Structure formats: structure tokens, C-alpha cells
Amino acid sequence: LACLIFFAGDKLYVKIKASGSPLAGIAQVIAVAIKKRGLKPAKQPWLNLYNYYPPKYANSKLKYTDQFRFLDKAAILTPEDKLQPDGKPADPWKLCTMQQVEEVKCIVRVLPIWFASSIYYLTITQQMTYPVFQALQSDRRLGSGGFVIPAATYVVFLMTGMTVFIVVYDRVLVPTMRRITGLDTGITLLQRIGTGIFFATASLVVAGFVEERRRTFAL
């Protein structure tokens with residue numbers, strides 16, 4: 001049913017064709033920055049760094065930022081660097097654009113968030129498997145007809161809880177926080193991530209205490 005709904009809205013989705021490999025772009029910036037590590041930093045990088053936007057460039061154009069300046073050297077144009085007639089670097093492994101450098105900086109900035117979110121992904125994995133493991137050791141008989149509730153269906157409680165909380169969050173928490181913080185979203189994106197990680201950690205702690213109590217009682 002979910003697949004049918006997903007494909008039914010196919011014509012409504014915004015689709016942007018890929019314009020190259022993002023991993024290759026990251027590798028190019030790092031490799032060129034290492035090759036040009038001996039160059040002096042540009043005095044006015046927002047003006048002096050080489051920049052080029054290919055036709056029909058889909059990504060948002062980024063302004064220069066002062067973080068991770070060691071990556072800026074990948075966009076320093078030297079006499080040895082050659083350009084194509086349209087201004088594109090002849091060899092992207094010898095010269096990158098300021099836009100490419102800024103995109104890599106964006107990725108570096110979110111790496112701490114990605115690593116911290118590993119706790120959340122661990123929790124999601126446990127929530128999808130641990131209840132099934134506990135259900136397999138429980139009495140799942142329903143009525144006198146011999147019907148046994150399948151252990152895997154116990155995950156429906158997780159899904160139901162998430163569905164109910166989405167409504168509460170959207171209709172109760174966000175309007176309340178909007179009045180307090182003045183933000184349209186109630187709280188910032190990082191605050192939402194941090195709150196989610198906190199509750200994810202708390203849920204694992206509670207599950208651990210419950211399981212310890214259950215095993216002690218069973219023994």
C-alpha cells in the first residue's frame with residue numbers, strides 16, 4: 001500500500017537530474033588542497049578564489065565562509081592551471097572551484113551531527129528487533145481458538161506511538177514552542193536532533209532496566 005501511494009504521487013515530486021558524482025567532487029577538493037598545500041592563502045578569498053558555475057547548475061550557489069581555510073587552496077588559480085574556452089577547469093584534479101570547496105565545507109560541518117546520530121540509528125535498530133525478541137518469549141495466545149499473535153506484529157506499537165506523537169507534536173508542541181521562541185518551527189533543527197537523540201538514549205536505558213527486571217523475575 002505504501003509503495004502504491006508513493007508511486008501515485010510520482011508526477012508531483014521535484015526531480016533534479018544528477019550532475020556528476022558528489023563523492024568525486026569531495027575527493028577532488030581534498031586531493032587538490034593537499035597538492036597545493038604549499039601555496040600562500042589568498043588575501044581576499046571571496047574575490048581571489050577561482051569560481052565557475054556550469055550551465056544549468058542545480059545546487060544553491062554558496063558564499064565564501066571562513067572555516068576550514070586549508071581547503072581554500074584547492075580553488076587557487078596558478079599559472080600552471082589550464083581552463084577550457086568556457087572557463088571550466090581543464091583538469092578538475094588540479095583546480096577546483098570555490099563552490100566545490102564550500103560544498104565540502106558544508107559536509108565537514110555536519111560530520112559531528114552524523115556521528116552523534118549513530119546513537120539514534122542504534123535505537124531504531126533495537127526498536128525494530130528487540131520487541132520481536134521479547135514477544136517470542138511471551139504468551140501470545142489470543143482467546144481459546146488457538147490463535148497466536150505473530151511476534152513480528154508487535155512493532156505496530158512503535159509505529160502507532162510515532163503516528164500519535166506526530167499529531168501531538170504538530171498541533172500542540174510546535175504552536176506552544178512557537179509562542180515561546182518566536183520561531184515558525186518552534187525549535188531549531190539542531191534542537192530537534194538533540195532532543196531526539198536524548199529520548200533515543202533514554203528509551204534504550206529504560207528498555208535495559210525493563211529487560212533486567214523481566215529476566216530476574218523469570219529466573
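Small disclaimer: the values here were computed from a predicted structure and weren't measured. Each residue takes its place number in the sequence, starting with 1.
In this structure the side chain of D91 never reaches within 4.5 angstrom of the side chain of L95, judged on heavy atoms. Side-chain contact between T97 and E102 is absent, with no heavy-atom pair separated by less than 4.5 Å. At a threshold of 4.5 Å between non-hydrogen side-chain atoms, the residues I113 and L190 count as touching. Residues Q100 and I26 form no side-chain contact, since every pair of their non-hydrogen atoms from C-beta on lies 4.5 Å or further apart. Residues Q126 and L122 are in side-chain contact: their nearest non-hydrogen atoms beyond the backbone lie under 4.5 Å apart. Counting heavy atoms from C-beta outward, P89 and D81 have side chains that stay 4.5 Å or more apart. The shortest side-chain heavy-atom distance between Y64 and M98 falls under the 4.5 Å cut-off. Between L183 and I187, the closest side-chain pair of non-hydrogen atoms is not below 4.5 Å.
Atom-to-atom distance recorded for S118:OG and I197:CD1 is 8.0 Å, nearest 0.5 angstrom. With rounding to the nearest 0.5 angstrom, the CG atom of L39 is 6.5 Å from the NZ atom of K36. Note that the CG atom of N51 and the CH2 atom of W46 stand 14.5 Å from one another [nearest 0.5 Å]. Expressed to the nearest 0.5 Å, how far OH of Y121 lies from OG1 of T125 amounts to 10.5 Å. Between atom NZ of residue K63 and atom OG1 of residue T65 there is a gap of 12.0 Å, rounded to the nearest 0.5 Å. With rounding to the nearest 0.5 angstrom, the CD1 atom of I76 is 9.0 Å from the CG atom of N48.
Hydrophobic clustering of Ile, Leu, Val, Met, Phe, Trp and Tyr side chains at less than 4.5 Å, counting indirect connections, unites L49 with L47. Following chains of ILVMFWY side-chain contacts shorter than 4.5 Å, one can reach L142 starting from V156, so the two form part of one hydrophobic cluster. Put simply, F70 and I107 are part of the same group of oily side chains (I, L, V, M, F, W, Y) that touch within less than 4.5 Å, one to the next. No continuous path of hydrophobic side-chain contacts links L173 to V167 [ILVMFWY only; heavy atoms under 4.5 Å]. By the rule that hydrophobic residues join a cluster once side-chain heavy atoms approach within less than 4.5 Å of another member, M162 and V155 end up as members of one cluster.
Residue I193 comes nearest to S117 through the heavy atom pair CG2-OG, 4.3 Å, listed as atom of the first residue, atom of the second, then distance. Taking each heavy atom of Q191 and T188 in turn, the nearest pair found is OE1-N, 2.9 Å. A90 and P92 make their closest contact through O-CD, 3.9 Å (heavy atoms, listed as atom of the first residue, atom of the second, distance). Nearest heavy-atom pair, A33 versus A74, reported as atom, atom and distance to 0.1 Å: N-CB, 3.7 Å. Residues S203 and T123 share a closest heavy-atom pair of OG-CG2, 3.4 Å. The two residues C96 and V32 make their nearest non-hydrogen contact at SG-CG2, 3.8 Å.
A donor-acceptor contact shorter than 3.5 Å links the side chain of K35 to the backbone of W93. Listed for the Q134 side chain is no donor-acceptor partner under 3.5 Å among the backbone atoms of P131. Under the 3.5 Å distance criterion, the side-chain polar atoms of D10 are left unmatched by any main-chain donor or acceptor of F7. Side chain of Q99 to main chain of S60: a donor-acceptor pair is present (N/O by atom type, distance under 3.5 Å, no hydrogens or angles). Side chain of D139 to main chain of R141: a donor-acceptor pair is present (N/O by atom type, distance under 3.5 Å, no hydrogens or angles).
The aromatic rings of Y50 and Y52 sit parallel to each other, their planes meeting at less than 30°, with 60° as the upper class boundary.
More than 12 heavy-atom neighbours from other residues, nucleotides or ligands sit within 6.0 angstrom of CZ on R140. Shown here is F217, whose CZ atom has no more than 12 heavy atoms of other residues, nucleotides or ligands within 6.0 Å. Other residues, nucleotides and ligands contribute at most 12 non-hydrogen atoms within 6.0 Å of the CZ atom of F199. With a 6.0 Å radius and a threshold of 12 heavy atoms from other residues, nucleotides or ligands, F209 has its CZ atom at or below the threshold. Within a 6.0 Å radius of CZ in F68, more than 12 heavy atoms belonging to other residues, nucleotides or ligands are found. At most 12 non-hydrogen atoms from other residues, nucleotides or ligands lie less than 6.0 angstrom from CZ of F133. Annotation: R214, atom CZ; neighbour count of heavy atoms from other residues, nucleotides and ligands within 6.0 Å is above 12.
By the side-chain hydrogen bond (donor to acceptor under 3.5 Å, both in side chains) test, T201 pairs with no residue at all, sequence neighbours left out.
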Trace of the side chain to side chain donor-acceptor pair (under 3.5 Å) decision for T185 with R178: CA-CA 7 Å; T185 55; R178 186 183 294 132; over 6 Å; no
Full working for side chain to side chain donor-acceptor pair (under 3.5 Å) between E212 and T216: CA-CA 6 Å; E212 191 275 336; T216 301; 3.1 Å; yes
Test ring pair (Phe, Tyr, Trp, His ring centres under 6.0 Å) applied to Y13 and F6, step by step: CA-CA 10 Å; Y13 304 145; F6 176 79; 5.5 Å; yes
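A salt bridge does not link D86 with K88: every distance from a Lys NZ or Arg NE/NH1/NH2 to an Asp or Glu carboxylate oxygen is 4.0 Å or more. Classification of K105 and D72 as a salt-bridged pair holds, one side-chain N sitting under 4.0 Å from a carboxylate O.
In this structure, Y130 has its ring center no closer than 6.0 Å to that of Y154.
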